[in-house]
Amino acid sequence: MLLDRFLPRIEFDSYEDFKENYTVNVPENFNFGFDIVDAWAEQDENKVALVWCNDHDEEKKLTFSDIKRLSNKTANYFKSLGIKKGDVVLLVLRRRWEYWVCATALHKLGAILIPGSLQLTKKDIAYRANAAGISAIVCVDDPFVIEQAELAQPEAETLKHKILVGTKKEGWLDFAEGIQNQSEDFPRPTGDEGTRWDDTMLVYFTSGTTGMPKMVRHNFSYPLGHIVTAKYWQCVQEDKLHMSVSDSGWAKFGWGKIYGQWICGAVIFAYDMDKFVPLNLLKKITEYKVTTFCAPPTMFRFMLQEDVTKFDLSCIKHCCIAGEPLNPEVFKKWYDLTGLKLCEGFGQTEGSVLIANFPWFEPQPGSMGKPSPLYNIHLIDADGKVCEDGDEGSIVIMGIDKNPPVGLFTGYYRDEKLTEENLGTGNYDLRDMAWRDSKGYYWFVGRNDDVIKCSGYRIGPFEVESALLEHPSVVECAITAAPDPVRGQVVKATVVLAKGYTPSDELVKELQNHVKHVTAPYKYPRIVEFVDELPKTLGGKIKRAEIRKSSEA
């Protein structure tokens, strides 16, 4: 076990004990590649790190020794191209097993990793390249990605190298060929080439629900922040398979598919699906006997549209969700079918898990849980005062100037003005609204911009969405404000229907009456629109701003 190198205490008697006494020791020169990947390889040369498969009957099992060897060859290859500490590299690799190899290699080099989604267009790639000064891009063999990268290159002033994984193409370097004859040894850099815990390791581009994406900067201590994410929320087990459903371009990949999980010695199960098919996902979980599982609520909703009873899910010992709030109806249905309680976790690209359902207390359907011990979290009202129980406020991490939390971002890359605006006060306002009950559970209300003000009432979208999702016809929905000349704003529901249902005036009325019955009548949606799918960010979050804008048109 490596945890005792970083945690003075691993076991805790209660949530209060955990919250009060959990601490992390951060070595001055901590580097995930050397201090986790290579350390596991040296401790047990046969310890499995990654089990990978796809939709084409391909499978691969890699030990930490394999990852060490391959990442050393990759680091030497990148170094031969002139990539060095502080250089910026974009990885667009979906869920290919090479992502873990390349990420580890870049960390060892001290280069700055930027994960990217398969959905990035020419404009997205060019913007990222110029904003961050990207010197190399490593792409999967996807025709769309390859085309967009080629179109972006003339506008990407700093982009020197295009490297392709999985195939050969003129104008691209071949990754497999490039690492083939490289040395399997890569000595840990020292001096100016070595890394410190406070050097920049990783930059995430935010989803960009409004405006251009921002560059969220994390340092080399960031992986240690995810010990809480992996061990105490996802409850991963050493040498057992953990699956988080996420593309490598999303911050949730860092939450669930590499850092905390490997620090805890868990085996990462990676299913490189071509597209999300609920039946296929259920088959893979049972076939490989996944022990701990994490996915967005949307995926649970679609899996529940299938006959879950046909699958033996007894292999799963712990289930959790993140990415969007958990609607109580999904919690109840999944529990009734599997006996597993979905443990919600809440956070942002800017940090590790901030609020979650931890093992010492029962999860409450619809609640985010309670704060992580890494963060001093309070709810703050519009006057800057700490909220009483029951009152809505903005979620704020306090005192980050005096005691910077491990796992929290250190600012916005190449944007000191934006960093000062967001962190300069010593507190970080997430701009997410929530309230806390008398037992200390936190309940999500919505983004500040998403709260609807109708005839003097403040209506949180999540509560109305939860009410609608209790109706059997609704598989997905988004609640937003629509302008109204009398009330200022009214509630609008944009709805994706379940199988077997079709839009009609009668169904609109039925849904409106259902909401009136489930929650306060004034919260019912006066406008209901049926759509085939909801607009979402690259990270899978609903673009409520886009829906609002269409209502205003």
Side-chain angles (χ1 to χ4, degrees), residues 51-55 94-95 117 207 226 229-230 233-237 240-258 260-261 266-306 308 311 313-347 349 353 356-357 363 365-366 368-369 444 465 469 475-476 496 533-534 536-542:
V51 173
W52 175 90
C53 65
N54 63 13
D55 286 323
R94 198 172 57 208
R95 300 173 182 88
S117 164
S207 297
H226 280 302
T229 308
W233 168 51
Q234 295 172 341
C235 297
V236 302
Q237 299 179 25
K240 300 292 186 181
L241 269 65
H242 172 77
M243 183 183 192
S244 284
V245 183
S246 174
D247 181 275
S248 63
W250 304 349
K252 193 169 180 288
F253 191 98
W255 278 44
K257 298 187 84 156
I258 183 166
Q261 296 70 34
V267 182
I268 293 164
F269 175 63
Y271 169 32
D272 188 13
M273 62 182 84
D274 291 337
K275 62 179 291 188
F276 170 53
V277 178
L279 281 174
N280 290 349
L281 180 57
L282 287 163
K283 288 175 184 175
K284 294 295 183 184
I285 291 169
T286 54
E287 178 185 349
Y288 285 89
K289 299 192 184 308
V290 170
T291 300
T292 50
F293 178 67
C294 183
T298 296
M299 288 194 172
F300 282 99
R301 285 197 287 268
F302 280 103
M303 283 191 288
L304 287 167
Q305 294 289 303
E306 307 296 338
V308 177
F311 298 90
L313 298 175
S314 62
C315 58
I316 305 178
K317 305 306 178 188
H318 190 76
C319 271
C320 46
I321 68 101
E324 56 181 315
L326 171 64
N327 305 98
E329 186 63 18
V330 177
F331 182 102
K332 293 170 189 171
K333 286 181 180 178
W334 190 257
Y335 179 69
D336 288 343
L337 286 167
T338 67
L340 295 165
K341 296 179 179 179
L342 294 175
C343 293
E344 184 172 349
F346 166 82
T349 302
V353 70
N357 286 277
M368 297 185 284
F444 187 76
E465 288 171 3
L469 283 164
V475 69
E476 259 195 315
V496 177
E533 61 181 357
L534 297 175
K536 292 176 182 173
T537 68
L538 297 181
K541 294 181 181 179
I542 296 169

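- Residues W255 and S244 are not in side-chain contact: their nearest non-hydrogen atoms beyond the backbone lie 4.5 Å or more apart.
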- Under the side chain to side chain contact (heavy atoms under 4.5 Å, CB included) criterion, do Q237 and H318 qualify, and how do the steps go? CA-CA 10 Å; Q237 299 179 25; H318 190 76; over 6 Å; no
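- Residues M273 and V245 have side chains in contact (heavy-atom distance under 4.5 Å, counting atoms from C-beta outward).
- Using the six-membered ring where Trp is involved, F293 and F300 have ring planes that are perpendicular, over 60° apart on the 30 and 60° scheme.
- A pairwise comparison of heavy atoms in A322 and W233 identifies CB-CH2, 3.7 Å as the closest pair.
- At least one side-chain heavy atom of Y288 sits under 4.5 Å from a side-chain heavy atom of C53.
- Remark: A251 engages Y204, T349 in a side chain to side chain contact (heavy atoms under 4.5 Å, CB included) (not counting sequence neighbours).
- Between T229 and Q234, the closest side-chain pair of non-hydrogen atoms falls below 4.5 Å.
- Side-chain contact between P297 and E344 is absent, with no heavy atoms from C-beta onward closer than 4.5 Å.
- Among all heavy-atom pairs drawn from K240 and T291, the shortest one is CB-OG1, 3.6 Å.
- Contact detail for P363 and L342: the closest heavy-atom pair is CB-O, 4.2 Å.
- The nearest pair of heavy atoms linking P278 to E306 is CB-CG, 3.9 Å.
- A pairwise comparison of heavy atoms in L281 and M243 identifies CD1-CE, 3.3 Å as the closest pair.
- A230 approaches G260 most closely through the heavy-atom pair CB-C, 3.4 Å.
- With contacts defined as side-chain heavy-atom distances shorter than 4.5 Å, the pair T338/F311 does not qualify.
- Counting only distance, with no hydrogens or angles, the side chain of W52 and the backbone of R95 share a donor-acceptor pair below 3.5 Å.
- Crowding of Y335 atom OH: a count of heavy atoms from other residues, nucleotides or ligands under 6.0 Å not exceeding 12.
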- Message: Using side chain to side chain contact (heavy atoms under 4.5 Å, CB included), reason through K283 and V277 one step at a time and then give a plain yes or no.
- Response: CA-CA 10 Å; K283 288 175 184 175; V277 178; over 6 Å; no
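- Put simply, CZ on R94 and CG on D274 are 6.0 Å apart, with the number rounded to the nearest 0.5 Å.
- Note that the CE atom of M303 and the CD1 atom of I285 stand 5.5 Å from one another [nearest 0.5 Å].
- With rounding to the nearest 0.5 Å, the separation of NZ in K284 from CG in N54 is 7.5 Å.
- Looking at L337 and L313, their side chains never come closer than 4.5 Å, going by heavy atoms from C-beta outward.
- Distance CD1/I316 to CG/L241: 11.5 Å, rounded to 0.5 Å.
- One distance of note links NZ of K257 with CZ of F269; it measures 9.0 Å at 0.5 Å rounding.
- For P328, the side chain to side chain contact (heavy atoms under 4.5 Å, CB included) partners two or more places apart in sequence, or in a different chain, are K332, P365, S466.
- Within the 4.5 Å cutoff, no side-chain heavy atoms of K341 are placed close to those of N357.
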- Apply side chain to side chain contact (heavy atoms under 4.5 Å, CB included) to the pair N280 and Y271, showing each step before the final yes or no. CA-CA 10 Å; N280 290 349; Y271 169 32; 3.4 Å; yes
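- Put simply, the side chain of K317 gets close to the backbone of S314: a donor and an acceptor are under 3.5 Å apart.
- Note that CD of Q261 and OG1 of T292 are 8.0 Å apart. Values are rounded to the nearest 0.5 Å.
- Residues passing the side chain to side chain contact (heavy atoms under 4.5 Å, CB included) test with K289 are C315, sequence neighbours excluded.
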